[in-house]
Amino acid sequence: MENKRINGNDLMALGYKENHAMGVALKINKKRLGFSRDEMLANFKNVLENPESYVADKIFRPLAEVLLNIDSMARETIALKESPVSYTVYGEAQIEEGAKKQMDIAMTLPITVAGALMPDAHQGYGLPIGGVLATQNAIIPYGVGVDIGCRMALSVFDLPASYLEANHDKLKEILMSNTRFGAGKGYLKQERMDHAVLDNPLFKTHALIRSLKDKAWTQLGSSGGGNHFVEFGIMEFTEKDESLGVERGRYLALLSHSGSRGLGATIADHYTKLAKAICRLPYQAQNLAYLDLHTEEGQEYWLAMNLAGDYASACHEVIHEKIKRGLGAGLLAKIENHHNFAWKEQFEGEEVIVHRKGATPAGKDTMGIIPGSMATPGFLVRGKGEELAINSASHGAGRLMSRTQAIKTLADSDLKQMLRDHGITLLGAGMDEAPMAYKDIHTVMAAQVDLVDVVATFSPKIVRMADDGSRED
DNA sequence: ATGTCC
């Protein structure tokens, strides 16, 4: 523990306040400077006490300048509303304080029209995960999220549930040979697939996106890491669904969760930095920097975001197509939805930009998928179009524990027992994705009965995820 | 989320 990274609490113990100076100090702390933890703490203490002696220092000058207020003229910031616009919170009892605090700040932005917090909400960068924000003609890159276009896709096959038991090993093999997981992972040149999304003109006209084309091609049809998965399971319709045309019954189904890989991550990073440079907000709101959609930068982000969304969709399409072919099955229904994205929508009679960062679109009769965890059910839902929720619902159960907390406190034997109890085969994944690290999906669903109706239930059976964080390669 | 550095 002696060498653990210096954090905000350490700085506060030295006398720093939670403001811009702390942000600058933490940024300096992130660089690898060759100082020990104690040396670094001593430096931070000295700069705070004698900033004037650091104005020419190579490393600590930015911090000294902020402490001396030298740049206060240059960084005049955009004024926030005096009090947050009110918003509806669903499942409030299960939502951590940090997520509500972040939402409160988002509700003071001058561009904010309305907001809502979904029952799986937890703290993120800028807008909380599970946050929905409607703005006037402006887009917040961190309101969309780092994994632009992250989405769910579901294929319900014309095969009975019994097919799964009878062909367990074959399904395992299909899953293993048609998916690719892990940070940075993709397909080799001779393996990679073609897709119309790669013909998007931005791959020629936009310098940054042009430089990412080869990586995007390589990673097309891959899943990445973290909470992403591809899984076989049983889809249960307790009654016939007229609009889908699916009869009552239990079917083999494929569910996938992933986003726009390196392409979207690089786009998000680029435009977040650009937004922060253009849109100067007070310290507590800096991660909510936005781009005006009437500016060139705003329009550029909009196009790049849509490309990342199309790319994420293409990745799922490739995965589902390959696996359907491997099965030799037909399709009864196919549903998909983004849950990290922004849309132009009508809200109370005006056009707004609706940011959903970890939230499922749930307009009237809109179909969506809300996954539970590797050992708990997910749900095919139909939106009710609740305006108070800005036509949205949760995007899952939501984390109960942070990844580090889960790895530290959960027992491998408990996970194994739980998987056995539910008859689940797990391929890959670390303890940070254990079901115990997530909120109870049934509690979360109960908190949003006004937002969605459940159409059918998905029970995971063979789950493929990235091997755990330690990375064995 | 991402090959976790600007």
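These numbers come from the heavy atoms of this one structure, side chains and all, not from hydrogens, waters or symmetry mates. No experiment lies behind these values; they were computed from the predicted model shown.
Taking atom CG of residue Asp214(A) and atom P of nucleotide dG3(B), one finds them 14 Å apart after rounding to whole Å. Nucleotide dT2(B) holds its P atom 14 Å from the CG atom of Leu212(A), rounded to whole Å. Here dC5(B) presents its P atom at 13 Å from NZ of Lys27(A), a figure rounded to the nearest Å. Spacing between atom CZ of Phe181(A) and atom C1' of dT2(B) amounts to 15 Å, rounded to whole angstrom units. dC5(B) atom C1' lies 15 Å from atom CD1 of Ile28(A), rounded to whole Å. The distance between atom CG of Asp147(A) and atom C1' of dT2(B), rounded to the nearest whole Å, is 9 Å. Rounded to whole Å, the distance from CG on Leu26(A) to P on dC5(B) is 14 Å. Atoms CD (Gln219(A)) and C1' (dG3(B)) sit 9 Å apart, rounded to a whole Å.
Using a 4.0 Å heavy-atom criterion, one finds that Gly145(A) contacts no nucleic acid atom at all. Residue Lys357(A) is out of contact with every strand shown, counting any heavy-atom pair closer than 4.0 Å. Within 4.0 Å of Gly259(A), counting heavy atoms only, lies no atom of the nucleic acid at all.
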Donor-acceptor contacts, no H, no angles, side chain residues 393-403 of chain A, under 3.5 Å, sequence neighbours left out:
from      : atom 1 : to        : atom 2 : distance (Å)
Ser394(A) : OG     : Gly396(A) : N      : 3.4
Ser394(A) : OG     : Gly396(A) : O      : 2.9
Ser394(A) : OG     : Gln448(A) : NE2    : 3.0
His395(A) : ND1    : Asp120(A) : OD2    : 2.6
His395(A) : ND1    : Gly358(A) : O      : 3.2
Arg399(A) : NE     : Met401(A) : O      : 2.9
Arg399(A) : NH1    : Asp432(A) : O      : 3.4
Arg399(A) : NH1    : Glu433(A) : OE2    : 3.4
Arg399(A) : NH1    : Tyr438(A) : OH     : 3.4
Arg399(A) : NH2    : Asp432(A) : O      : 2.5
Ser402(A) : OG     : Thr404(A) : OG1    : 3.3
Ser402(A) : OG     : Gln405(A) : N      : 3.1
Arg403(A) : NH1    : Asp432(A) : OD2    : 3.0
Arg403(A) : NH1    : Glu433(A) : OE2    : 2.9
Arg403(A) : NH2    : Glu433(A) : OE2    : 3.0

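Between Phe181(A) and Phe229(A), the ring centre distance reaches or exceeds 6.0 Å.
For Ala265(A), the side-chain atoms get nearest to dT2(B) when compared with the rest of dG3(B), dT2(B), dC6(B). Of the candidate nucleotides dG3(B), dT2(B), dC5(B), dC5(B) has the atom lying nearest to any side-chain atom of Lys30(A).
Annotation for Tyr125(A): atom OH does not count as buried by contact number, only 12 or fewer foreign heavy atoms lying within 6.0 Å.
Checked for salt-bridge contact, Asp269(A) and Lys273(A) meet the test: a charged N lies under 4.0 Å from a carboxylate O.
Nucleotides of DNA chain B nearest to Arg399(A) and Lys273(A) differ in position, and the one nearer the 5' end is that of Arg399(A).
Applying the side chain to side chain donor-acceptor pair (under 3.5 Å) test to every pair with at least one member in residues 199-210 of chain A, sequence neighbours left out, gives these pairs: His206(A)-Tyr271(A).
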